[in-house]
Structure formats: C-alpha cells, structure tokens
Colleague: 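What follows is a single structure, and I will ask about it in a moment.
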Amino acid sequence: MTEKTFYIETFGCQMNAHDSEKVVGTLAHSGYTQVDTPEAAGLVVYNTCSIRDKAEQKVFHRLDQFKRGAKKGKILAVIGCVAQQEGERIFDKAPHVSLVAGSASYNRLPEMLVQLEAGNRRVTGLDLDTSETFDTPFTRRDKPYRAYITIIEGCDKSCAYCVVPFTRGPERSRTSESVMREATGLVDAGYSEVQLLGQNVNSYRDPSPAGWDFATLLDRVGRIPGMRRVRFTTSHPRDFVKEIVEAIDGNPALCNHVHLPVQSGSSRVLQSMQRLYTRDEYMRRIEWMKKARRNISITTDIIVGFPGETEADFQATLDLLGEVEYDSLFSFKYSPRPNTAALGMEDQVPEEEKTRRMTILLEKQRAIQIRKNSELIGTVEEALVEGRNEALGQWIGRTSQNRPLNFTHADSDGASMMGKYLPVLVTRDGPNSLAGESMMSVV
Ligand code: 5AD
Ligand code: SF4
C-alpha cells in the first residue's frame, strides 16, 4: 500500500488555525503523514475563510492553481467557512474538488476520509444543525509554549455584515470539566500560556450542572498550578460583564489585555449593524477597564464604510479612538457578504471613500500608539521568549499586554531561553513594538 500523505493550508482567524491543528491531529491518527508541499501530497486540504471577499477570492485562486498543477489521483478537500458558505456549489465551480465540509462537521472527518479512500468523489459535511463541538484528543499543536483551547463554537448574534453565523452555526459551549481537563493537560505537557477561543467567548455557558459563566471559567483556568498566562478572544461588548474585569484584577495569570471589537463609534451605525449596544454602553465597559487596578491594554476591530456611514458617523469613530486610546487596532473596509442583512442595504460607500477613511483612521491610531508606547520607556515588563532574530541579535518576546517586546540578553545560550519569562527594561519604542534589555544580566 502506498503511503497516505496530506498537505494543509489555513486561511483566516485563530479559530481556523486551531481547527487546522485538530484536523492535522485527526488525519495523523487516521494514518496520514503531513508533507510540506501540495506537490508531495496525496490529499490537499484548504481550510478556508470567507469573512471578506478578498479572503474568499484567495481560496478560489488556489483552487484554480491546483487545477492547472493537479496530477491524476490527487484528492482535493475544501473545508472551513467558504466550504460551508458555498456548499455543493464548490463542485460546480471547481469540479476537481472531492470533499466540501464546514467546521460543524469535523467530528465526521474520519468517516469522510473513509469515503474518499473508497473512491467517492463528492463527499460533503454541510449540516449546521448540531449541538456538538469538535473535541479531539489528537490535536497537533503548532507552537511549543502557547496553546489554543476552544471553549465555545458558533455564534448566535446576527451582525448585519457578518457571515460567521452562516458558516459556523449556532453557539455550542464545551463543558467546564472538559476545558479544565484540556488546560491542565497542557500545563503538564509544558505549556504555560493558553488562549481561550470562541467567536463570542463572553456568552460561554457551561452546559454541565456546574453552570460556570465565562468569568468563572477564565478565573479557574488561571488558577491551574503552573499556568502563567491566559488570554481570550473574541469578546462581544454586549456580553462583556464587569466580572471579567474583576477576574483580571484578582488573578495575575490572566493577561491584562482585552480585545473588544467596537466596529463603529456612531450609535446610528451600530444600530444598523445590529450590534446590540450603543456607543455609551460600549464606553461604560471601557470605563470598567480604565478603573481597574491593573493596567489593562485594550484593542479593537473597526469597519469603515458600512452602508450609510456618513462623514459625521466616521468622525464619531475617529473621536472614539481619541477617547479610548486603543493600544492597537485592526481596521477593515466593509465587504458585502452573501446571506447577510447588510448586503441589500442602500447607500453603499464607494471604494475610494472607504480607502480614504481607512487611511485617516490608521494615521490617527498610529499617533496614539507612538505616544502610548513612548510612555513605556524606562518601565520593566515581563516578556515571554518566543523566538530569536539573529540579524538584530535580539530575542523576540511578548508582554502580558500582548505587545511585541524584543530584547538583548547578555550570556544567553540559545535553546534554554525559549519559553522563559524574563523581566525586560524597555529602552526603545516604535508604533508597533518595543525593544529593551533583559534585566537578568543586570540583577
Ligand atoms: N466586512 C469587513 N469587515 C468585516 N468583519 C467581519 N465581517 C466583515 C465584513 N463583511 C471584521 C469585523 C470583525 C473582524 C473579525 O472582521 O471587524 O470583528
Ligand atoms: Fe474567517 Fe470568520 Fe470563518 Fe474565522 S470564523 S475563518 S474569520 S469567516
């Protein structure tokens, strides 16, 4: 029998990255060996994203490339969000594809592989109506120190611009017991940082009788002996409660960083986006964090050019940036998506105008970051060592606030530095990162 090999390429968010880790583990358990190029693989898997049109186009571009390069006998699988969104239409657009499966069907992956191996060239996993999460003991994690843990899958909100409810199905929380078991196992395996994942972690609700809410789960994960850092993403402001800030304040293992996507600073636009909060309600949550004992860094996502966004609405977003003073942000030009409520809305903003607004927004944010980062010079931050930049002679580190902090360290011997936590004196700043010197050689 010839060896079973696979190649996987992942697009999109951390949920997708972690799904791929589970898919890789599942494939390995089913006897497949991972290879580095699609050419060397018998099975080529694309784990896809459809959040914006550009992401989706990238996938279809890959499928086109594959068609030209495809040799007889290779099996092509499209999984993830484009697979769920397009469903069997993928077979029409790309007849050389043999498997189309969304994330709500990954539990059936071993069974789908058996069908592929039996020669079936139209295998699908597209049922969204599930109460199950994809729990597998076979996860192959990419990073040695930081591990992802899914706590909730799917999304029950219906933001007017967003495909996720259509691609990932309804919300399903894992039991607290299974999350705690996974987190404890990770610490035992040498991990010291975990990131709790979900489209909306704040609406986590333990389905077991223990009935933990998100703040309780977060706190308990942070109290596992040996756990140094716990992060979480992503938060929906509507479900972000004060107890989360209190948990961070009372538990140093919880990172002092919250990503709280606002999308717009205009209550009128927020209403039309169906975000379920006003600007004032959002700002109340920011106040909780600003009043906390710990210095919590706050980051966000912004969409510019949502249908009907006027110059005044955009100014309200700029004004919000000044008021919150985010530590960092991601901004996106609104991209019309299939099935969503915003698709048919009037007053679509022209592309050039979206570009103009985005440029202004990024300039304003850059000035805020330069100022905020410069205030950190002379302070000492704890950095987790994640890598080495030989060209600069620096170690690559990250602070609890999630800032990149690269630093020099006297007498360091390579391998033993990785995964260590070190106090670093911040000596240089930039808009996106800090640089410094390890205090270990000084102390
Ligand atoms: N167009 C542009 N940006 C979008 N996002 C989600 N859907 C769209 C869309 N249709 C952004 C939101 C979200 C982030 C992950 O992607 O800001 O928080
Ligand atoms: Fe992309 Fe959203 Fe799917 Fe993540 S959940 S892969 S961001 S469409």
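Both ligands and their constituent atoms are indexed starting at 1 by order of listing.
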Colleague: Do H257 and T299 have a side chain donor and acceptor closer than 3.5 Å?
Modeller: yes
Colleague: Salt bridge check, E311 against R356: does any charged N sit closer than 4.0 Å to a carboxylate O?
Modeller: yes
Colleague: Salt bridge check: are R371 and E375 linked by an N-O gap of less than 4.0 Å?
Modeller: yes
Colleague: What residues come within 4.0 Å of ligand 1, counting heavy atoms only?
Modeller: I51, R52, Y161, Q263, D301, I303, F332, K333, Y334, S335, R337
Colleague: Does ligand 2 have any atom sitting under 4.0 Å from a heavy atom of Q14?
Modeller: no
Colleague: Checking Y7 against E39: is there a side-chain donor and acceptor pair closer than 3.5 Å?
Modeller: no
Colleague: With a 3.5 Å cut-off and no angle check, do the side chains of Q199 and E171 form a donor-acceptor pair?
Modeller: no
Colleague: Taking 4.0 angstrom as the limit, do R89 and E86 come out as a salt bridge?
Modeller: yes
Colleague: With 2.8 Å as the threshold, which protein atoms of type N, O or S lie near atom 3 (Fe) of ligand 2? Leave waters out.
Modeller: C81 SG
Colleague: Will you find, in the side chains of R238 and N202, an N or O donor that is under 3.5 Å from an N or O acceptor?
Modeller: no
Colleague: Please confirm whether R122 makes a cation-pi placement over F91, using NZ or CZ under 6.0 Å from the six-membered ring centre and within 45° of the ring normal.
Modeller: yes
Colleague: Rounded to the nearest 0.5 Å, how far does CG of L197 lie from OG1 of T234?
Modeller: 9.5 Å
Colleague: Answer with yes or no whether the side chains of D219 and T216 bring together a donor and an acceptor at under 3.5 Å.
Modeller: no
